[in-house]
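Read the structure below first, then the notes.
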Amino acid sequence: MNDFDTYIRASKNKCETTYNMIPNEVPFLKVGLTKQELQNRKQRFVKELSVVQHFMQKLIQYMEGIPTLIITTDNQGYILDIYGDQSIKEMVDSLGITLGVRFNEKDVGTNSVSLALEHQKPIAIIGKEHFHDYLSEAACYSSPFCLSTNGSLVGTVSMMTTVNFASNFYLGLLSSAVDTIEREIQLQEQNHQLHLLNQILIDSTPIGIVMTDKNGDLLEFNSSAEEIIDIKRDEVMDNGMEQIGQIGEYTNYVLETEKKVENAEFSFQLRESDYSKKLLLDVLPLFDEGQMIGAFAQFRDMTNYHELQQKLIESEKLSTIGKLGTELAHEIRNPLTSIIGLTHLMKENKYKAEYLDIITAELERMDNLVNQFVSYGKPSTINRVSCCLPDLIRETVELMKNNARLHNVNIYVECSVKDVEVYIDKYKIKQVLINFMKNAFEAMPDGGNICLETESDLKNNEVHISIKDEGIGMTKEQVNNLGKPFFTTKENGLGMGLPICFDIIHAHNGRIEFNSEKGKGTVVQLVLPQNNE
């Protein structure tokens, strides 16, 4: 209260000595704003005035039965809003208190608005604390309020009542209300900035965004969504989510089940057009404190991606065909060169049987190469029958024994299970086994041992056939290139045998795995589904 007393005494002294006021005069607020100036100032503070009125109307209700007038001014003391109890209207009218006039100490004498603005503190002036006797029946309470974001003074909020209802409690009540007003204004400003940022992010993203409340009513539909599916936001707002086809269907599914949808890919038919787009959609349920409040959907136009992917596949096909053609031409050119050369020799030296033998062998080599080339890449015709795998392996080993003796190779068979039934094309699988056994023979030029093992993997419902040799082995790079057309580690190989083996195993829904190290031999593992009927 000492501050109040000091401020009031200083103001009264100024009124008497500086402004030459007389206490028994009736004060009147003389300086005012034009209608346009008032409108401009109210427009500038429209949000703040709305918040102040919202809270002060509640305060008036709280003070029911007490004649109360609320006045809101800007930081220069100009009245921008006034409302409340009309029982003190006679005093208000006589003082000229109306919209657009200014609380100025030199016009109205000692008053709470001017002191609150000057000292930027809540001020109470009750009864005879006013300079003019006319105001001795009034109790006035004013509190400045600021924008918390930058601390700038916005103006004051004041309560006016009669002196017989005066109470110091009202100043604390007003100060608390102003604190709440400041926090609300700050919160609204922050929300406004977040909303602007959110709108910038939503409207600048190339991803289509759709948001709904828990009832499926549209809340957000950004410009990218309009552009991608060629449907305007207003149309969806007016006619419902059915306008956006599967996007709406997936959104409704999420709202009904509270389960998210991820990476849903589908074709969206554009209206009034034969053109459709490939869309990739995610829909997430939105929760607040455990309660679902809506759904968030985002989708992308994948049409160009799919078109580019298809072009890439076609390009790779053409590239592969070109490489295959080049390699095939190279392989055919070698025997052709020999044949052409021998033909010229036969013309010069008449006839020699050994030339004819070489020509025949080279032609057979070309025929074999062309047959393998034609076979590669064609869908393998698989004639499946139920087959006992250990019996098939023993039959194949029996066929290869003579060839093994010629290469000084011993073949061992180890079957951990005796009666493994598989549903396979036994002749195709025998072809694969023979091919890998021949490769093992050639990998051991000085002879050695080959071991064939059979194991059953019950957990994965698979059967494994391992072919182990003690040959020269391969480098990691060579292993990575196995199965590519025309790649071979043999000096005179064609590089078509392994690709055909890969085709056969893949046609059986199986796979081929290699484990090899240079100088330490190779293990080939054929993995086939068991009982794959």
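- Across every non-hydrogen atom of Ser143 and Leu174, the tightest pair is N-CD2, 3.8 Å.
- No donor-acceptor pair closer than 3.5 Å links the side chain of Glu265 to the backbone N or O of Leu279.
- Atom CG of Asn222 is separated from atom CE of Met211 by 11.0 Å, given to the nearest 0.5 angstrom.
- You'll find the side chain of Ile467 reaches within 4.5 Å of the side chain of Leu433, heavy atoms only.
- Taking the side chain as every heavy atom from C-beta outward, Asp288 and Leu286 never approach each other to under 4.5 Å.
- Evaluation of the side-chain contact (heavy atoms from CB on, under 4.5 Å) rule for Lys232 yields Glu226 as partners, not counting sequence neighbours.
- Each of Ile231, Thr303, Leu281 was evaluated against Phe268; a single residue qualifies, Ile231, per the side chain to side chain contact (heavy atoms under 4.5 Å, CB included) test.
- The two atoms that bring Cys387 and Ile424 nearest to each other are CB-CG1, 4.1 Å, heavy atoms only.
- The 12-atom threshold is not exceeded at NZ of Lys214, counting heavy atoms of other residues, nucleotides or ligands nearer than 6.0 Å.
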task = Starting from the C-alpha separation in whole Å, work towards a yes-or-no answer on side-chain contact (heavy atoms from CB on, under 4.5 Å) for Ser224 and Ile207.
result = CA-CA 6 Å; Ser224 293; Ile207 297 174; 6.0 Å; no

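- Counting non-hydrogen atoms of other residues, nucleotides and ligands closer than 6.0 Å to OH of Tyr83 gives a total above 12.
- Glu184 and Gln188 share a side-chain donor-acceptor pair at under 3.5 Å.
- Atom NZ of Lys520 has 12 or fewer heavy atoms from other residues, nucleotides or ligands within 6.0 Å.
- Contact check for Val422 versus Ile429: no side-chain heavy atoms found under the 4.5 Å cut-off.
- Going from atom NZ of Lys468 over to atom CD of Glu453 covers 3.5 Å, rounded to the nearest 0.5 Å.
- Side chain of Lys426 to backbone of Leu392: no donor-acceptor contact under 3.5 angstrom is found.
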Residue pair Val113, Ile71: steps toward the side-chain contact (heavy atoms from CB on, under 4.5 Å) verdict = CA-CA 9 Å; Val113 173; Ile71 297 172; 5.6 Å; no

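- Rounding to the nearest 0.5 angstrom, the gap separating the CG atom in Asn439 from the OG1 atom in Thr522 is 9.5 Å.
- Inter-residue side-chain proximity for Thr68 and Tyr170 is flagged as unmet; no heavy-atom pair is nearer than 4.5 Å.
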Return a table of donor-acceptor pairs under 3.5 angstrom between the side chains of residues 237-254 and protein atoms on other chains or two or more places apart.
{"from": "Asn239", "atom 1": "ND2", "to": "Glu235", "atom 2": "O", "distance (Å)": "3.2"}
{"from": "Thr251", "atom 1": "OG1", "to": "Ile247", "atom 2": "O", "distance (Å)": "2.7"}
{"from": "Asn252", "atom 1": "ND2", "to": "Gly248", "atom 2": "O", "distance (Å)": "3.2"}

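- Here the side chains of Lys278 and Glu307 are not in contact, with every heavy-atom distance at 4.5 Å or above.
- Annotation: side chain of Asp391 is in contact with side chain of Arg394 (closest heavy-atom distance under 4.5 Å).
- Closest non-hydrogen pair, Leu38 versus Ile79, comes out as CD1-O, 3.8 Å.
- Arg102 and Gln76 make their closest contact through NE-O, 2.8 Å (heavy atoms, listed as atom of the first residue, atom of the second, distance).
- Considering only heavy atoms from C-beta on, Leu173 comes within 4.5 Å of Tyr62 through its side chain.
- Of all heavy-atom pairs spanning Leu171 and Ser142, the tightest one is CD1-O, 4.1 Å.
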task = Could you check Val178 against Glu182 for side-chain contact (heavy atoms from CB on, under 4.5 Å), going step by step and ending with a plain yes or no?
result = CA-CA 6 Å; Val178 168; Glu182 288 179 339; 4.2 Å; yes

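- Thr73 has its side chain out of reach of Tyr78: every pair of non-hydrogen atoms, C-beta onward, lies at least 4.5 Å apart.
- Other residues, nucleotides and ligands place no more than 12 heavy atoms under 6.0 Å from the OH atom of Tyr427.
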task = Could you go through the side-chain contact (heavy atoms from CB on, under 4.5 Å) check for Arg511 and Glu462 one step at a time?
result = CA-CA 11 Å; Arg511 63 185 186 276; Glu462 295 175 341; 3.1 Å; yes

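- Taking the side-chain contact (heavy atoms from CB on, under 4.5 Å) definition, one finds that Asn263 meets it with Leu280, Asp282, sequence neighbours left out.
- Summarising the geometry of Leu153 relative to Phe145, their closest heavy-atom pair is CD1-O, 3.6 Å, with the distance given to 0.1 Å.
- For the atom pair CD1 of Ile70 and OG of Ser158, the computed distance is 8.5 Å after rounding to the nearest 0.5 Å.
- The distance from the CG atom of Leu219 to the CZ atom of Phe296 is 12.0 Å, given to the nearest 0.5 Å.
- In this structure, the separation between CE on Met159 and CD1 on Ile60 is 8.5 Å, given to the nearest 0.5 Å.
- Residues Asn435 and Gln431 have side chains that never bring a donor and an acceptor to within less than 3.5 angstrom of each other.
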